[in-house]
Amino acid sequence: MTDDDLPPDSKLTRSKQRWAREGKFLTGRIARPEEQRLPPGQHLTMDWPVLDLGVTPKVTRDSWRLDVYGAVETPLFWNFADFTAQPQQTFVSDIHCVTTWSRYDNAWEGLSTRELLAACKPKDDAHFVVLHSHDGYTTNLALEDFAAEDALLAHAWQGQPIDGEHGGPVRLIVPHLYFWKSAKWLQRIEFVTEDKPGYWEVRGYHNRGDPWLEQRYSED
Ligand SMILES: Nc1nc2c(c(=O)[nH]1)N[C@H]1C(S)=C(S)[C@@H](COP(=O)(O)O)O[C@H]1N2
Ligand SMILES: [Mo]
């Protein structure tokens, strides 16, 4: 990934880089999800804000392809019909964005990451996953976080196709981490042996991003 593939920094992108430097929104509290549904420093919203780098790539269900490659026994290259022919599940989960909004009870439908892993069979030394999106965005996850029981590649939200603004036709959902890990407009899933920090992870945001531990920003 070169920076040429990325949109120019928007005002929001510049603000988010400054917030990471300033440690904005940090409360210094930690919590346990079993005891407290809303993570520290978050507030509830009823609507669903749009957050991204400021461009909405034009991807339709017809043009969409998913490329799964790298340290796997069985690389996959699926069109939308191949993708929806895989086992489908619906998971209900909460969204926690690092800019402090949270949204409860989102019903996501699609292919669980565990089913995807069963199909592509990561090699023994594949310990990390990098998500690549159509807007040039990337984000990285440890394999265990990618494989969380409620993580999925989603094509529908509340029974409707995920719209373009929110990352349709297909986006990732990893509910137990801040929402920047949930890549919109999913294009490629790369399995790697060494971790490769993504867009926000190299711009001051935490490598893991656990909302209950308030892992908003990187330590250094
Ligand atoms: N491809 C892509 N995925 C992305 C982003 C992005 O800029 N590009 N932004 C992330 C961030 S910071 C957030 S909070 C959520 C926002 O998703 P939403 O717009 O559907 O609320 O998408 C995440 N996934
Ligand atoms: Mo975000």
Side-chain angles (χ1 to χ4, degrees), residues 1 3 5-20 24-26 39 41-59 63-67 93-110 113 129-141 145-146 151-158 160-190 196-211 214-218:
M1 168 66 48
D3 282 355
D5 302 319
L6 288 164
D9 280 2
S10 67
K11 193 161 168 261
L12 176 65
T13 298
R14 287 196 303 272
S15 297
K16 286 176 84 172
Q17 290 182 243
R18 192 181 70 245
W19 296 339
K24 201 172 160 74
F25 309 128
L26 288 172
Q42 297 293 110
H43 69 272
L44 261 190
T45 175
M46 297 297 146
D47 59 357
W48 183 9
V50 171
L51 263 95
D52 50 46
L53 303 179
V55 295
T56 304
K58 300 260 174 300
V59 198
S63 67
W64 182 82
R65 300 288 183 277
L66 179 68
D67 196 356
S93 59
D94 300 344
I95 296 172
H96 305 295
C97 171
V98 72
T99 63
T100 75
W101 59 269
S102 291
R103 191 182 189 287
Y104 286 167
D105 294 324
N106 301 276
W108 303 106
E109 185 185 341
T113 54
V129 183
V130 184
L131 294 313
H132 299 261
S133 298
H134 282 277
D135 56 348
Y137 184 82
T138 54
T139 190
N140 58 311
L141 290 161
D145 282 322
F146 180 77
L152 78 166
L153 281 59
H155 59 76
W157 174 79
Q158 313 291 69
Q160 300 295 323
I162 298 176
D163 66 30
E165 280 195 315
H166 286 297
V170 179
R171 73 175 298 164
L172 187 71
I173 296 295
V174 182
H176 70 293
L177 299 177
Y178 282 122
F179 209 32
W180 87 76
K181 295 288 186 180
S182 293
K184 296 160 74 163
W185 310 294
L186 197 53
Q187 180 183 32
R188 295 185 277 128
I189 304 180
E190 181 187 8
K196 262 203 260 181
Y199 184 89
W200 284 118
E201 293 83 5
V202 301
R203 287 171 177 77
Y205 283 76
H206 199 279
N207 198 53
R208 175 145 192 266
D210 182 331
E214 247 195 349
Q215 292 176 338
R216 296 180 191 276
Y217 311 118
S218 56

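In listed order, ligands and their atoms are each counted from 1. We count residues from 1, following the sequence as given.
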Starting from atom 19 (O) of ligand 1, what is the nearest protein heavy atom, named by residue and atom, and what distance separates them? Lys184 NZ, 2.5 Å
For ligand 1, which atoms have a heavy atom of Ser182 less than 4.0 angstrom away? 22 (O), 23 (C), 24 (N)
Six-ring centre of Tyr199, Arg203 cation under 6.0 angstrom, axis tolerance 45°: yes
Counting heavy atoms only, which of Lys181, His166, Arg171 is nearest atom 17 (O) of ligand 1? Arg171
Subset of ligand 1 atoms that lie under 4.0 Å from at least one heavy atom of Trp101: 21 (O)
Apply side-chain hydrogen bond (donor to acceptor under 3.5 Å, both in side chains) to the pair Trp64 and Gln187, showing each step before the final yes or no. CA-CA 8 Å; Trp64 182 82; Gln187 180 183 32; over 6 Å; no
To which protein heavy atom is atom 11 (C) of ligand 1 closest, and what is the distance rounded to 0.1 Å? Trp180 CA, 3.6 Å
Indicate whether any N or O donor in one side chain lies under 3.5 Å from an N or O acceptor in the other, for His206 and Ser218. no
Can you list the ligand 1 atoms lying under 4.0 Å from a non-hydrogen atom of Ala183? 3 (N), 24 (N)
for atom 14 (S) of ligand 1, nearest protein heavy atom and its distance come out as Cys97 SG, 3.3 Å
Using the ring of each side chain (for Trp, its six-membered ring), is Trp108 parallel, tilted or perpendicular to Trp157, with breaks at 30° and 60°? tilted
For Ser133, atoms of ligand 1 separated by under 4.0 Å from a heavy atom: 1 (N)
Thr139, Asp52, Asp135: member with heavy atom nearest to atom 8 (N) of ligand 1: Asp135
Near Trp48 (heavy-atom distance under 4.0 Å), the atoms of ligand 1 are 18 (P), 20 (O), 21 (O)
What's the separation between atom CG in Leu66 and atom CG in Leu153, rounded to the nearest 0.5 Å? 6.5 Å
For atom 21 (O) of ligand 1, what is the nearest protein heavy atom, given as residue, atom name and distance? Pro49 O, 2.7 Å
Distance to 0.1 Å, residue and atom name: give those for the protein heavy atom nearest to atom 15 (C) of ligand 1. Phe179 CD2, 3.5 Å
Go through His132 and Thr138 one step at a time and tell me if the side-chain hydrogen bond (donor to acceptor under 3.5 Å, both in side chains) criterion holds. CA-CA 5 Å; His132 299 261; Thr138 54; 5.8 Å; no
For Lys196, is there an ion pair with Glu201 - N to carboxylate O distance below 4.0 angstrom? no
I'd like to know whether ligand 1 has Lys16 as a neighbour, heavy-atom separation below 4.0 Å. yes
Please determine whether side-chain hydrogen bond (donor to acceptor under 3.5 Å, both in side chains) holds for the pair Asp145 and His176, giving the CA-CA distance in whole Å, both sets of side-chain angles, and the decisive distance to 0.1 Å. CA-CA 8 Å; Asp145 282 322; His176 70 293; 2.8 Å; yes
Fit a plane to each ring of Trp48 and His166, take the angle between them on a 0 to 90° scale, and name the class: parallel (under 30°), tilted (30 to 60°) or perpendicular (over 60°). parallel
Thinking salt bridges, do Glu214 and Arg216 make one under a 4.0 Å N-O criterion? yes
If you measure from atom 9 (N) of ligand 1 to every heavy atom of Leu51, Leu186, Asn106, which option wins on shortest distance? Leu51
Atoms in ligand 1 with a heavy atom of Leu53 nearer than 4.0 Å: 7 (O)
